[in-house]
Amino acid sequence: MEPFPPALGLSSEQTEQLLRLAGAAPSLHNRQPWRFRLSPESIELFCDPRRRLPAADPDDRELRVGCGAALLNLRIALAQAGIRPDVTLVPRTGGPWALAHVRVAEHADPAPPESELFRAIPVRRSNRRPFLPDPVPLAHCQALVRAVQAEDCWLHVVERSQLGVLENLVRTAHRAQLDDPAFVAEMLEWTGRGPGEVEGVPAASAGPLPEPQDQWVLRDFSGGQARIRLPGKDFEYDPLLLVLCSHSGTRTADLEAGQALQRMLLTATSLGLVASLISQVTEVGEVREELRRLLGGSLHPQAVVRVGYGTPAPATPRREPRELLVDQAGA
Ligand SMILES: Cc1cc2nc3c(=O)[nH]c(=O)nc-3n(C[C@H](O)[C@H](O)[C@H](O)COP(=O)(O)O)c2cc1C
């Protein structure tokens, strides 16, 4: 087999590991819509249009959010390898699918907080199970807010008085999506996957089968399969819900939101917290507008995240780094 193409002065093995860590990012239905072109001077990030999810994500916003999360992993892994990266988002060159161009800014030792995030990359998981009743300490919540702000985005901590309105919005969006045969078909295709698959959400990651009284985790990721009920399946009474927002609605802002989301999820992981996303409310256009109005009208809601303490969730599969390479000739 050909050696893995090296980039940015790293060895072949280091570059392969770099892409493995970038590819450990979360993505809608685990479609892993990122691709990379490597050269000695740069790493280019592209989105893969074959991995679009047009029913859930017609504008490719979440596709870019996922790619932004992969970019944050790449930045953290580069820092760990002693490279401070210089990143250009949505570069003019590289064609319509180019999302970022990464070069070496300087060589420097990694800062200790970044090393903690680095260690969190392979152990972060989406956790759709009920969380424990223990509240998230205020200092942890503040750390999540700072993580998001460090990536030029905004984190709204949902107040108790807003929980009822948000729950109604989630239910409205959920019903609208279930009424859409294209959405249901897409969801069935990419969830409830068996062992041996390299993309999509495995049935084992689905969490308990949603029930009518459940408030937040409404999506069935089992692909419609009956599953063994988890014991003690009551969801937390007082969840910590966070709305991650960007300051504008551009493609660049979507990538910033993805990086902010991932910095927040890695921070949560390093603090011993678990998280899952509740995306119905940001996927259905009119409902997203209502959420936007609820937050004052100027921010752009990008992701709703539930955070708490939980029991371990299984890892989801990933494609091999080699499969993430754009043909080096640029095809
Ligand atoms: C933009 C985006 C939206 C997502 N929406 C949801 C969601 O609504 N519900 C959910 O349970 N997981 C959601 N996820 C999580 C993915 O399903 C998850 O990242 C993927 O299956 C890989 O699993 P992992 O996060 O455990 O690595 C979302 C992820 C991203 C990046």
Side-chain angles (χ1 to χ4, degrees), residues 20-34 47 51-53 55-73 120-131 153 169-171 173-174 177-178 183 186-187 189-193 197-210 214 216-223 235 241-244 246 254-266 268-269 274-284 287-288 300-307 310 312-319:
R20 193 180 296 286
L21 290 168
S27 60
L28 184 62
H29 297 353
N30 197 25
R31 286 290 275 139
Q32 305 162 53
W34 38 74
C47 69
R51 294 194 157 75
R52 298 180 65 233
L53 290 161
D57 183 28
D59 302 325
D60 297 336
R61 183 185 60 79
E62 292 180 290
L63 180 112
R64 287 186 289 276
V65 168
C67 289
L71 177 60
L72 195 274
N73 279 7
I121 292 176
V123 287
R124 180 214 55 82
R125 317 235 181 288
S126 297
N127 191 321
R128 303 181 180 87
R129 297 171 176 206
F131 295 169
C153 289
L169 293 181
V170 173
R171 283 190 186 280
H174 186 64
Q177 290 188 320
L178 291 188
F183 175 87
E186 195 176 81
M187 185 90 195
E189 184 176 1
W190 294 109
T191 62
R193 299 234 147 183
E197 305 271 357
V198 293
E199 57 185 321
V201 183
S205 298
L209 206 59
D214 292 342
W216 303 107
V217 182
L218 304 178
R219 274 186 178 165
D220 177 8
F221 280 87
S222 75
F235 279 87
L241 293 171
L242 306 165
V243 187
L244 192 153
S246 54
D254 298 342
L255 288 167
E256 286 168 349
Q259 293 175 86
L261 174 68
Q262 184 65 352
R263 188 175 283 279
M264 186 192 97
L265 294 173
L266 294 178
T269 305
V274 298
S276 70
L277 275 83
I278 303 170
S279 295
Q280 295 92 331
V281 71
T282 49
E283 286 170 355
V284 176
V287 180
R288 186 169 181 234
H300 295 255
Q302 294 273 7
V304 175
V305 190
R306 169 181 157 253
V307 176
T316 51
R318 292 294 189 273
R319 288 183 286 142

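When a ligand or atom number is given, it counts from 1 through the structure's own listing order.
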Options [options], ranked by nearest heavy atom to [atom], top entry:
| atom | options | answer |
| --- | --- | --- |
| atom 8 (O) of ligand 1 | R193, R219, R128, Q32 | R219 |
| atom 21 (O) of ligand 1 | N30, L277, V65, V170 | N30 |
| atom 19 (O) of ligand 1 | P33, A25, P26 | P26 |

Quick one: does ligand 1 sit under 4.0 Å from the side chain of V201, the backbone, both or neither, non-hydrogen atoms only?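 The answer is the side chain.
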Quick one: does ligand 1 sit under 4.0 Å from the side chain of R318, the backbone, both or neither, non-hydrogen atoms only?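 For R318, only side-chain atoms sit under 4.0 Å from ligand 1.
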Could you tell me whether R288 and E283 have a side-chain N and a carboxylate O separated by less than 4.0 Å?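 No salt bridge links R288 with E283.
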Any Lys/Arg nitrogen of R52 or D57 sitting under 4.0 Å from an Asp/Glu carboxylate oxygen of the other?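 Salt bridge flag = no for D57 with R52.
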Between [X] and ligand 1, is there a nitrogen or oxygen pair with a distance under 3.5 Å?
| X | result |
| --- | --- |
| E62 | no |
| R125 | no |
| E283 | no |

Can you measure from NE2 (H29) to CD (E199) and round to the nearest 0.5 angstrom?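 Reported value, rounded in 0.5 Å steps: 12.0 Å.
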Which of the ligand 1 atoms, numbered from 1, are nearer than 4.0 Å to a heavy atom of [X]:
| X | answer |
| --- | --- |
| T316 | 22 (C), 23 (O), 24 (P), 26 (O), 27 (O) |
| F221 | 9 (N), 10 (C), 11 (O), 12 (N) |
| R124 | 24 (P), 25 (O), 27 (O) |

Within less than 4.0 angstrom of ligand 1, does S276 place any heavy atom?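 False for this residue.
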C47 vs R64 side-chain heavy atoms within contact, under 4.5 Å: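 They are not in side-chain contact.
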For atom 15 (C) of ligand 1, what is the closest protein heavy atom, and at what distance to 0.1 Å?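 The answer is S126 OG, 3.5 Å.
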